[in-house]
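Comments concern the structure below.
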Amino acid sequence: MIRIISALLLSTSAAAADLNAAVEAAVSRSPALGEARARSRQAEAAGREASYSRLPRLSARASALRSDDPLFSFGELLQERRVTRADFNPDTLNRPGYRTAVRGSLELGMPLFTGFELSRARRYAALAGEDAAAAGGSAAQAVRLRTAEAFLGTLKARALLAELDARIASSEAEVSSAERLKKQGLVLGSDHEAALAILSGLKAWRARTAAEGAARGAELGVLVGSAAPEPSGDLAPWTPSLEDDEALVAAALDSRDDLRSAGVRRRAAGLRREAAAQSLLPTVDAFAAVQTAAGGFGSAAAARVIGVRAALPFGDPAYFSRRQRARADEDAASASREGLVDAVRGEVLARAAGLRGLTVVVSALDESSARARRSLEQILPLYREGRQSVMEVLRAEEAVARAADARLETQARLRSDWAALRAAQGRLDAPAVAELTRSLEAAR
């Protein structure tokens with residue numbers, strides 16, 4: 001029953017796909033990459049907004065007012081060009097009663113000097129575009145790494161399940177023969193019970209491996225956005241090529257997208273420092289307006305206004321504190337990037353050291369697996385001749401399974417750790433995924 005359930009869990013998948021196809025599918029539908037693309041479009045629109053803000057702007061205004069204020073009433077008569085001699089009567093001037101005024105204006109304005117605000121806005125937009133591109137690169141690296149790890153985990157579980165199936169089938173046959181021999185008094189009961197315990201352990205191991213493979217398959221399905229593809233390829237012997245530590249670190253410092261983002265944040269902080277230093281500069285704009293009162297734009301009550309306006313901050317007590325805050329912000333961004341550089345260097349060196357350690361044990365594990373199989377082949381004839389117990393046979397079966405598990409785990413780890421090292425360098429790109437895919441096809 002356990003075998004049937006695990007087979008169903010691993011077989012309810014889409015058509016077979018290699019690692020390269022799975023990674024491409026995951027990257028193409030990644031929400032994180034979709035967000036990065038949207039942020040990039042947002043930055044482009046912000047740049048256009050800053051550029052278009054330099055152009056003249058046309059605006060219309062309208063208002064309706066009602067008051068019995070004498071000055072308001074007489075002023076409205078003047079604006080409407082409707083003043084008569086009767087309006088100078090003292091009683092009329094002092095108590096004009098309520099008057100309604102409908103006013104409108106059409107104004108054309110254009111900034112002449114904004115204290116470099118629009119120039120900074122365009123530079124902010126360019127930096128936001130760089131940051132969005134870097135965020136997209138980091139997201140793509142993370143998606144490729146997660147997909148590769150899930151793919152390799154599924155592949156390893158499938159290979160181990162096949163090995164455990166073979167060991168369980170062989171062990172069940174040997175236990176069945178020992179059952180008959182036990183009834184004849186040719187096999188000790190304690191040996192038979194120990195053999196059954198080992199067989200139960202193998203079955204429990206298989207159930208756990210099936211569950212782990214199903215979990216990895218589910219994760220892969222979520223990443224690709226559909227039923228998990230059946231992974232194609234084999235965990236064949238593979239030894240990745242590694243550069244020296246200095247070259248690995250140099251490549252990481254040149255390629256990491258999060259370092260680019262940190263550089264963008266530092267330059268943005270520099271822009272904010274520059275804005276704080278220039279916050280006392282004046283702003284100047286030109287305008288032309290047509291204003292009407294009650295009669296509409298085509299009436300004689302229209303007035304034309306043309307002028308230039310300037311605004312100059314004067315006596316701002318927060319100016320020096322604002323500059324200090326901006327300088328501290330820039331210092332913090334610089335320190336953050338330096339801390340990230342140290343973290344990247346440490347991550348790359350640690351992953352490279354771990355990967356080199358794994359490559360050292362590959363040959364020893366291959367030899368261990370081969371010796372375990374030879375031991376099983378040698379012990380079976382001895383058991384059939386009655387010179388070995390069934391418990392020793394099942395121990396040999398278990399040793400073969402454990403040696404195969406160690407070898408498969410190491411080959412999967414070699415590939416996933418190599419992918420993690422490339423991601424730590426910011427170089428887990430399409431060619432790297434293609435190289436990893438070829439390593440899984442070497443046994444074909």
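Values below: all heavy atoms of this structure, side chains included; hydrogens, waters and symmetry mates excluded.
The distance from the OG1 atom of T114 to the CD atom of Q278 is 10.0 Å, given to the nearest 0.5 Å. Once rounded to the nearest 0.5 Å, the distance linking CD of E398 with CG of L202 reads 5.5 Å. The CD atom of E149 lies 10.0 Å from the CZ atom of R413; values are rounded to the nearest 0.5 Å. Rounding to the nearest 0.5 Å places CD of Q378 at 10.0 Å from CZ of R371. Separating the CG atom in L33 from the OG atom in S40 is a distance of 12.0 Å, to the nearest 0.5 Å. Atom OG of S416 is separated from atom CG of L421 by 11.5 Å, given to the nearest 0.5 angstrom.
Side-chain contact check for L235 versus L152: some heavy-atom pair is nearer than 4.5 Å. Within the 4.5 Å cutoff, side-chain heavy atoms of R146 are placed close to those of E219. At least one side-chain heavy atom of I198 sits less than 4.5 Å from a side-chain heavy atom of R395. In this structure, R415 and W418 have side chains that are not in contact, with every pair of non-hydrogen atoms separated by 4.5 Å or more. Within the 4.5 Å cutoff, the side chain of P229 has heavy atoms near those of the L220 side chain. When side chains are defined from C-beta on, R267 counts as touching V264, because their heavy atoms get closer than 4.5 Å. Put simply, the side chain of L19 does not reach to within 4.5 Å of the side chain of L155, judged on heavy atoms. Within the 4.5 Å cutoff, side-chain heavy atoms of L414 are placed close to those of L355.
Salt-bridge formation is detected for the pair E409/K156: a Lys NZ or Arg NE/NH1/NH2 atom is positioned less than 4.0 Å from an Asp or Glu carboxylate oxygen. In this structure, R373 pairs ionically with E163, as a charged nitrogen and a carboxylate oxygen lie closer than 4.0 Å. Here D329 does not pair with R273 in a salt bridge; the nearest charged N to carboxylate O distance is not below 4.0 Å. The existence of a salt bridge linking R345 and D342 is confirmed by a sub-4.0 Å separation between a basic side-chain nitrogen and an acidic carboxylate oxygen. Looking at R123 and E274, a side-chain N of the basic residue comes within less than 4.0 Å of a carboxylate O on the acidic one, giving a salt bridge.
No more than 12 heavy-atom neighbours from other residues, nucleotides or ligands sit within 6.0 angstrom of CZ on R57. Few gaps surround CZ on R122; more than 12 heavy atoms of other groups in view lie less than 6.0 Å from it. Within a 6.0 Å radius of CZ in R120, other residues, nucleotides and ligands contribute more than 12 heavy atoms. For E347, the CD atom sits in a packed shell: over 12 heavy atoms of surrounding residues, nucleotides or ligands are nearer than 6.0 Å. Environment of CG in L55: crowded, with over 12 heavy atoms of neighbouring residues, nucleotides or ligands closer than 6.0 Å. Around atom CZ of R260, more than 12 heavy atoms belonging to other residues, nucleotides or ligands sit under 6.0 Å away. The number of heavy atoms from other shown groups lying within 6.0 Å of CZ (R309) is above 12.
Side chain of R216 to main chain of G153: no donor-acceptor pair is present (N/O by atom type, distance under 3.5 Å, no hydrogens or angles). Side-chain atoms of D244 come within 3.5 Å of backbone N or O of E246 as a donor-acceptor pair. For Y124 (side chain) and G47 (main-chain N/O), no donor-acceptor pair under 3.5 Å exists by modelled atom type. Between the side chain of S369 and the backbone N or O of D366 there is no donor-acceptor pair closer than 3.5 Å. Within the 3.5 Å criterion, the main-chain N or O of A252 finds no donor-acceptor partner in the side chain of S255. At distances below 3.5 Å, at least one donor-acceptor pair connects side-chain atoms of R158 with backbone N or O atoms of P231. Between the S439 side chain and the L436 main chain, a donor and an acceptor come within less than 3.5 Å of each other. Distance alone, capped at 3.5 Å, is enough to place a donor-acceptor pair between the S232 side chain and the A17 backbone. With hydrogens and angles ignored, the 3.5 Å screen pairs a side-chain donor or acceptor of T437 with a backbone N or O of V433. Counting only distance, with no hydrogens or angles, the side chain of T410 and the backbone of A406 share a donor-acceptor pair below 3.5 Å.
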| Residues R54, S119; criterion side-chain hydrogen bond (donor to acceptor under 3.5 Å, both in side chains); working and verdict | CA-CA 10 Å; R54 293 178 174 274; S119 299; 3.1 Å; yes
| task | Take S336 and R265 through the test side-chain hydrogen bond (donor to acceptor under 3.5 Å, both in side chains) and record every step on the way to the result. | result | CA-CA 9 Å; S336 175; R265 289 193 294 271; 4.8 Å; no
| task | Begin from the C-alpha positions of V224 and R29 and carry the test side chain to side chain contact (heavy atoms under 4.5 Å, CB included) through to its verdict. | result | CA-CA 7 Å; V224 300; R29 55 87 49 198; 5.6 Å; no
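The closest side-chain donor-acceptor pair between R327 and Q324, if any, does not fall under 3.5 angstrom. Residues D131 and S261 have side chains that bring a donor and an acceptor to within less than 3.5 angstrom of each other.
In this structure, L108 and P56 approach most closely via the heavy-atom pair CD1-CB, 3.9 Å. For the pair L223 and A150, the tightest heavy-atom approach, listed with the atom from each and the gap, is CD1-CB, 4.4 Å. A pairwise comparison of heavy atoms in A157 and G213 identifies CB-CA, 3.5 Å as the closest pair. Smallest separation of non-hydrogen atoms from F151 and L440: CE2-CD1, 3.8 Å. Residues S53 and P111 approach most closely at O-CG, 3.4 Å, considering heavy atoms. The two atoms that bring A318 and D316 nearest to each other are N-OD1, 3.0 Å, heavy atoms only.
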